[in-house]
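One structure is given below, encoded as structure tokens.
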Amino acid sequence: MAKPILLDGGMGTMLQAMGLKTGHCPEALNLTHPEAIIAVQRQYVAAGSNIIYANTFGANRLKAAGSGYTVPQLVEAGIRCAKAAAEGKVRVALDIGPIGRMMEPYGTLTFDEAYDIFAEMVKSGVAAGADLIVIETMTDLYEARAAVLAAKEQSTLPVFVTMTFEKNGRTFAGTSLESFAAVMNALQVDAFGINCSLGPAELLPLAERLSKLTNHPLIIKPNAGLPDPKDGSYHVSA
């Protein structure tokens, strides 16, 4: 059995704990407060992460609008910070999250528009020296497919994909584990799985189901459970 590859943890919660306001465009901190980004990522390297995600989750042209920065500027700075933290010891991933608009037919974002938005991020990440591409926290399989095609057609880097599932085994947009696995198997991504939304205990049965649907390496990246509705705190320990 291959040795597990360890990923990193959250960025936004760590920055908030440091007293920083993430604001409209958290990726702008790559340029305005690079030392804070590097400090968080160095903690994950010290904790044993084999791969750290660059602070580029929302660095797409729609979310970056009004920030004063371009997508290439935000992505390049994000990769630069992660590389500084990695010091050549671990791999750095270009992190790509959802665009922030609903895809057709539920919204107005077309597949071609989504592809173009993701392609800009991918090309910027490749130019900046990313080691791999991680597409994460997706709920719409159509959007995830657009991101994967952009990643595979605009780069030769390994591609990881994770979607966010609820306890019922479906994403917020209704994608099932079975549909997700079928599409990712067909697209021949390098690894795929589940991230966010649920804690380790809740994700375990979903991970077991997913493991029976593919021979690809699985990614399981839970968060600290669901926040307490009263005060927003998390009760799952490290």
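Just so you know, these numbers use all the heavy atoms, side chains as well, and skip hydrogens, waters and symmetry mates.
Taking each heavy atom of Gly199 and Pro222 in turn, the nearest pair found is C-CB, 3.7 Å. The two atoms that bring Ala82 and Gln41 nearest to each other are CA-OE1, 3.3 Å, heavy atoms only. Closest approach of Ala86 to Val45, counting heavy atoms only: CA-CG2, 4.3 Å. Shortest non-hydrogen contact noted between Pro4 and Asn50 is O-OD1, 4.1 Å. Between Met103 and Ala114, the shortest heavy-atom distance links the atoms SD-CB, 3.7 Å. Residues Glu120 and Pro72 share a closest heavy-atom pair of OE2-CD, 4.1 Å.
Judged purely by distance below 3.5 Å, without hydrogens or angles, the side chains of Asn185 and Thr214 pair a donor atom with an acceptor atom. Gln154 and Tyr115 share a donor-acceptor pair across their side chains, judged by distance under 3.5 Å alone.
A distance-only check finds a donor-acceptor pair linking the side chain of Lys63 to the backbone of Pro98 [under 3.5 Å]. Judged by distance alone, with hydrogens and angles left aside, the side-chain atoms of Lys83 form no donor-acceptor pair with the main-chain N or O of Gly78 at under 3.5 Å. In this structure, the side chain of Asp190 engages the main chain of Val159 through a donor-acceptor pair within 3.5 Å. A side-chain donor-acceptor contact under 3.5 Å links Glu113 to the backbone of Thr110. One N or O on the side chain of Ser49 and one on the backbone of Tyr44 form a donor-acceptor pair closer than 3.5 Å. A donor-acceptor pair under 3.5 Å is formed between the side chain of Glu143 and the backbone N or O of Ile99. Between the side chain of Ser179 and the backbone N or O of Thr175, no donor-acceptor pair lies under 3.5 Å. Between the side chain of Thr56 and the backbone N or O of Leu94 there is no donor-acceptor pair closer than 3.5 Å. Checking side-chain atoms of Asn30 against main-chain N and O of Asn55 turns up a donor-acceptor pair under 3.5 Å. Checking side-chain atoms of His24 against main-chain N and O of Ala65 turns up a donor-acceptor pair under 3.5 Å.
Distance NZ/Lys152 to CG/Leu157: 11.0 Å, rounded to 0.5 Å. The CG atom of Asn60 sits 9.5 Å away from the CZ atom of Phe57 when rounded to the nearest 0.5 Å. Put simply, CE on Met14 and CG on Leu20 are 12.0 Å apart, with the number rounded to the nearest 0.5 Å. To the nearest 0.5 Å, atoms CG (Leu218) and OG (Ser211) are separated by 6.0 Å. For the atom pair SG (Cys81) and CD (Glu27), the distance works out to 11.5 Å, reported to the nearest 0.5 Å. The OG1 atom of Thr164 lies 9.0 Å from the CG atom of Asn223; values are rounded to the nearest 0.5 Å.
Salt-bridge formation is detected for the pair Asp116/Arg61: a Lys NZ or Arg NE/NH1/NH2 atom is positioned less than 4.0 Å from an Asp or Glu carboxylate oxygen. Residues Glu76 and Arg80 are paired through a salt bridge, judged by an N-O separation under 4.0 Å between the basic side chain and the carboxylate. Salt bridge status for Glu178 with Arg209: present, with a side-chain N to carboxylate O gap under 4.0 Å.
Met18 and Leu29 fall within the same hydrophobic cluster, where Ile, Leu, Val, Met, Phe, Trp and Tyr residues are linked whenever their side-chain heavy atoms come under 4.5 Å apart, directly or through other members. Side-chain heavy atoms closer than 4.5 Å link hydrophobic residues (I, L, V, M, F, W, Y) into clusters, and following such links, possibly through other members, connects Met138 to Phe111. In the hydrophobic clustering of this structure, Val75 does not group with Ile38; members are Ile, Leu, Val, Met, Phe, Trp, Tyr whose side-chain heavy atoms approach within less than 4.5 Å, directly or through other members.
His216 and Phe192 have tilted rings, their planes meeting at an angle from 30° to 60° on a 0 to 90° scale.
When each of Leu141, Ile194, Ile135 is checked for a side-chain contact (heavy atoms from CB on, under 4.5 Å) with Met163, only Leu141 meets the rule.
For the pair Ile96 and Glu136, the minimum side-chain heavy-atom distance is 4.5 Å or more. Using a 4.5 Å heavy-atom cutoff, the side chains of His33 and Glu35 are in contact. Side chains of Phe180 and Thr171 form no contact here, defined as non-hydrogen atoms less than 4.5 Å apart. Ile220 has its side chain out of reach of Thr162: every pair of non-hydrogen atoms, C-beta onward, lies at least 4.5 Å apart. Inter-residue side-chain proximity for Phe165 and Ser176 is flagged as unmet; no heavy-atom pair is nearer than 4.5 Å. In this structure, the side chains of Gln16 and Lys21 stay at 4.5 Å or more apart for every pair of heavy atoms. Proximity of Ile133 to Ser155: side-chain heavy atoms (C-beta onward) are separated by under 4.5 Å at one or more points. With a 4.5 Å cut-off on side-chain heavy atoms, Val122 and Glu153 do not count as touching.
The environment of Asp228 atom CG is dense: over 12 non-hydrogen atoms of other residues, nucleotides or ligands sit within 6.0 angstrom. The environment of CZ in Arg101 is crowded: more than 12 heavy-atom neighbours from other residues, nucleotides or ligands sit within 6.0 Å.
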task = Please lay out, stage by stage, how Glu104 and Leu109 fare under the test side chain to side chain contact (heavy atoms under 4.5 Å, CB included).
result = CA-CA 6 Å; Glu104 292 181 334; Leu109 186 66; 6.0 Å; no
ask   = Would Met11 and Val40 count as a side chain to side chain contact (heavy atoms under 4.5 Å, CB included) if you check the C-alpha gap in whole Å, the side-chain angles of each, and the deciding distance to 0.1 Å?
value = CA-CA 7 Å; Met11 174 61 74; Val40 170; 3.8 Å; yes
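When hydrophobic side chains of Ile, Leu, Val, Met, Phe, Trp and Tyr are connected at separations under 4.5 Å, Ile219 ends up clustered with Ile5, Leu7, Ile51, Tyr53, Leu132, Val134, Phe160. By the 4.5 Å side-chain criterion applied to Ile, Leu, Val, Met, Phe, Trp and Tyr, Tyr69 is assigned to a cluster that also includes Leu31, Leu74.
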